[in-house]
Every structure is written in C-alpha cells, then in structure tokens.
Amino acid sequence: MIPNTNSSYVRVPTPVEFSFDECLVFLNRSLQENLHRIQNDQIIKLIDHQGELILIGVTHAEQHLRVEFLNGKPSEAGQRAAAEYVWAWFDLKTDLVPFYGMAADDPILQPIVKRHFGLRVMGFPDLFEAMAWAITGQQINLTFAYTLKKRFVEAYGKSLVYEGEIYWTFPSCEEISELKVSDLTPMQYSVRKVEYIIGIAAEMAKGNLVKENFTDGKDAQTVEKELVAIRGIGPWSANYVMMKCLGFTSAFPIADVGLHNALKYQLELEKKPSIAEIESYAENWKGWEAYATFYLWRSLYE
DNA sequence: TGCCAGGAAGCCG
DNA sequence: CGGCTTCATGGC
C-alpha cells in the first residue's frame, strides 16, 4: 500500500445541540449497512463527487467535525463537496433550540429528547439515494430492506479498498437508468419496486428531476404534491424524502409503522394508535414533525 | 406458522 | 375522495 503522506482534512463546525455519540448509534443500527463503516469513533465513508472518489474519515472534536481525506487530498471542489456532504448528512444547518423548547413541554417527546439530546435527523444528501431507499423500504421489514440495498449497492455502486476494507458509493441514477427490470428482480426486489426505481433514475438522468427543484423555497405542501405525482412515491415516501433529504423539519410520514410502534410503546397503548390519534398528539409538534418522528424512531432501539 | 413489515398503485363506487 | 385488492417476500 502506498503510504498517504499528504494527510489533510477540513473542519465542519457543530452547534451546541449536537451529540456525535447519538448520531453514531443511528449510523450503527444495521450490521448490513455497507455505505459507511464505524471503527474507534471514526466514520469512514466513500463519496463520489462528479467521478472523483473521496474517502472521508469523520471524527468529532471540540465544536467541530474533523473530515479527514483518507485516500489523498481531493481537488478544491472535492474538499468543499465533502464538507457540504457532512453538513447535510448530520443536518447541521437546523437550529434545534426551538424544537427542544417545544419538546420540553410535550409529554411524549420530553423524556426521549432528554435521553437523546443532540441527535440530529441523519439524512441522505443525494436525492436518488433517498428516493431509492424509501422505495426499497416500502412495506417490508428493515432487515430485508438492508439486504436488498446491500445487493443493489454491491452490484452497481463504485468501490475503493482502504486498509483491507472495501467501501461503496450508492449507485448513480445514470447507471441505474440504463438497467432492465430483469437486472434487479433476481436480487428479490419486486417487479413494481424495480419499475419505480428505474423510472426515477431515468427522470433524474435526463435532468427532469433534480433536488434543487425542491429546495428553492417552495412550501412543504407544494413539494409533497410534486413528489407524490412521481410513480412509486406516495405520501409516506414523499414525507420521508422531505425529512431525510430536502430539509423540511415539518415533514411527517404519519403512516409510518415504526412511528406507530414507538407511540404505542411510549404511551403504553394496547394497540397501535390511529391516524386521527396521532394527529391529535402531533398538534403540539407543528413545524417539527420530522424531528419528533426521528426521536420516536430512536426510542425504538434503546 | 401465520402475521407483520419504515406502502403504493389501480380499480371501483 | 374513501375504501378495497393486489403486489411480493423475508423476518420472527
């Protein structure tokens, strides 16, 4: 191996309301996760910036994340892209003070927020990844969803070996747009999910579907409507993508089974709450439904 | 072993 | 618009 003598890094400032450990718990939730690896409190992840493969090692230091470049110093644009990726990944742009102010008086959220202070909505900066993962996870258990993602990534993603371990990028929309349905069904994706994913990849590859279209100041209702118009994206997926990729703290995947189970356990209910009951609980969460949901999900894997 | 899983489309009235 | 059916297969 060629020794990396020109070690370099960038810093990404973190707010006070930030807990690296809480974010790590989330990133560690599946043993099948192959888009990052965590060892010794360092997150290692491969990023594809316009064809430039950048392997980053993220650690936490005083009031910042240190983003180290492990496979050589990237271009200036690559360094900037890596910093922006981390910024979006940990949702560092959101000021959580008002959320915590609201949650302090909320009977459901108060204990969870206290226990997991500093947890951020861990996101998907890449729109194609967010949409493809949402579709993959529809109606199947998370363990199986991770199995499917692992097969998908290892068939069509780019990879790089570093210190004996292999790191992957999520497949690009350009590559997936050229696939046939029969390329993916052997992985045990359903035919319909493959149609959805390839269809979305094709629209993105043609430039008809871009993240900036949804982050240019449109209100949440408009964005949700535009997303739901896309085949394969229903209300749950639209709100999931808005929450995890587009930065809407008001996004609310209210039909989510995990959310229902979290509320059931949290409130010690006999059965899962109805949508109407959830709407009632959520009246207090206005503007922060995404964070309420993410913290409730967190409460499921203590 | 049968019900459940981080749903959505398509059809019908 | 609201309800019902189909898809599809692993996990536990």
Side-chain angles (χ1 to χ4, degrees), chain A residues 25-33 35 91 112 116 119-124 127 129-152 170 181-203 209 221 223-246 248-266 269-276 278-279 281-282 285 289-302:
Chain A
V25 170
F26 175 80
L27 292 175
N28 246 328
R29 70 181 179 154
S30 172
L31 293 171
Q32 297 193 90
E33 177 61 69
L35 292 178
D91 191 32
I112 307 175
H116 306 298
L119 173 67
R120 323 284 304 189
V121 168
M122 298 301 296
F124 298 104
L127 179 62
E129 180 182 350
M131 296 180 91
W133 174 237
I135 289 166
T136 300
Q138 289 168 4
Q139 179 60 18
I140 60 175
N141 64 74
L142 263 183
T143 306
F144 183 44
Y146 271 107
T147 301
L148 292 176
K149 183 178 89 163
K150 182 173 161 65
R151 291 173 184 159
F152 183 67
F170 196 79
V181 170
S182 59
D183 291 325
L184 292 177
T185 46
M187 297 180 187
Q188 290 174 294
Y189 273 94
S190 67
V191 170
R192 280 227 285 253
K193 285 188 182 181
V194 174
E195 290 172 358
Y196 301 160
I197 291 171
I198 294 177
I200 285 170
E203 288 306 299
L209 179 55
Q221 204 174 12
V223 170
E224 180 177 351
K225 197 172 169 185
E226 290 185 14
L227 287 171
V228 170
I230 299 166
R231 185 160 185 261
I233 304 294
W236 177 86
S237 300
N239 281 275
Y240 182 86
V241 169
M242 290 169 71
M243 163 180 176
K244 302 266 287 183
C245 179
L246 302 176
F248 286 87
T249 59
S250 65
F252 195 21
I254 196 168
D256 184 81
V257 179
L259 173 68
H260 301 175
N261 282 326
L263 286 167
K264 179 185 162 191
Y265 296 135
Q266 206 62 34
L269 306 174
E270 293 290 321
K271 56 181 183 181
K272 287 184 282 189
S274 67
I275 296 296
I278 299 171
E279 284 172 343
Y281 304 141
W285 305 344
E289 292 87 343
Y291 264 88
T293 299
F294 200 71
Y295 272 76
L296 280 160
W297 284 344
R298 176 66 180 79
S299 74
L300 283 172
Y301 43 93
E302 290 302 330

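All chains are named by letter (A, B, ...) in the order of the sequence lines, taking the proteins before the strands, and each is independently numbered beginning at 1.
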Separation of atom [atom1] in [X] from atom [atom2] in [N], rounded to whole Å:
X	N	atom1	atom2	result
A:Glu195	B:dG10	CD	P	9 Å
A:Phe144	C:dC7	CZ	P	17 Å
A:Tyr189	C:dT9	OH	C1'	14 Å
A:Leu259	B:dC4	CG	P	18 Å
A:Arg151	C:dT9	CZ	C1'	11 Å
A:Ile135	B:dA9	CD1	P	9 Å
A:Met131	B:dA8	CE	P	11 Å
A:Ile197	B:dA8	CD1	C1'	13 Å

The side chain of [X] lies closest to which of these nucleotides: [options]?
X	options	answer
A:Gln139	C:dT6, B:dA5, C:dG10	B:dA5
A:Trp236	B:dA5, B:dA8, C:dA8	B:dA8
A:Asn261	B:dG7, B:dA5, C:dA8	B:dA5
A:Thr143	C:dG11, B:dG10, B:dA5	C:dG11

Phosphate OP1/OP2 of [N]: any [X] side-chain N/O under 4.0 Å:
X	N	value
A:Arg192	C:dT6	no
A:Lys272	B:dA5	yes
A:Gln188	C:dG10	yes

Is [X] touching bases, backbone alone, or none of the nucleic acid, heavy atoms closer than 4.0 Å?
X	result
A:Ile233	sugar-phosphate
A:Pro235	sugar-phosphate
A:Leu148	nothing
A:Tyr196	sugar-phosphate

**Message:** Assess, by modelled atom type and distance only, whether the side chains of A:Tyr291 and A:Asp91 contain a donor and an acceptor separated by less than 3.5 Å.
**Reply:** yes
**Prompt:** Between the base of B:dA8 and the side chain of A:Gln138, is there a donor-acceptor distance below 3.5 Å?
**Reply:**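 It does not, because no donor-acceptor pair links the side chain of A:Gln138 to the base of B:dA8 below 3.5 Å.
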Expressed as a whole number of Å, how far does the [atom1] atom of [N] sit from that of [M]?
N	M	atom1	result
B:dT1	C:dC7	P	25 Å
C:dG10	B:dA9	C1'	22 Å
B:dG7	C:dC12	P	16 Å

**Request:** Could you tell me whether A:Lys149 and A:Glu33 have a side-chain N and a carboxylate O separated by less than 4.0 Å?
**Result:**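 Between A:Glu33 and A:Lys149 there is a salt bridge, with a charged N closer than 4.0 Å to a carboxylate O.
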**Request:** Flag the pair A:Tyr146 / A:Trp133 as yes when their ring centroid distance falls below 6.0 Å, and as no otherwise.
**Result:**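 Yes, the ring of A:Tyr146 comes within the 6.0 Å limit of the ring of A:Trp133, centre to centre.
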**Request:** Would you please indicate yes or no on a ring centroid separation below 6.0 angstrom for A:Phe124 and A:Phe170?
**Result:** no
**Prompt:** How do A:Arg231 and A:Lys193 order along DNA chain B: which one's closest nucleotide is nearer the 5' end?
**Reply:**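 Taking each residue's closest nucleotide, the earlier one in sequence belongs to A:Lys193.
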**Asked** NZ of A:Lys264: more than 12 outside heavy atoms within 6.0 angstrom?
**Response**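 Check passes, neighbour count above 12.
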**Message:** If you count heavy atoms of other groups shown closer than 6.0 angstrom to CD1 of A:Ile275, is the number above 12?
**Reply:**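 Counting neighbours around CD1 of A:Ile275, more than 12 heavy atoms of other residues, nucleotides or ligands fall under 6.0 Å, so yes.
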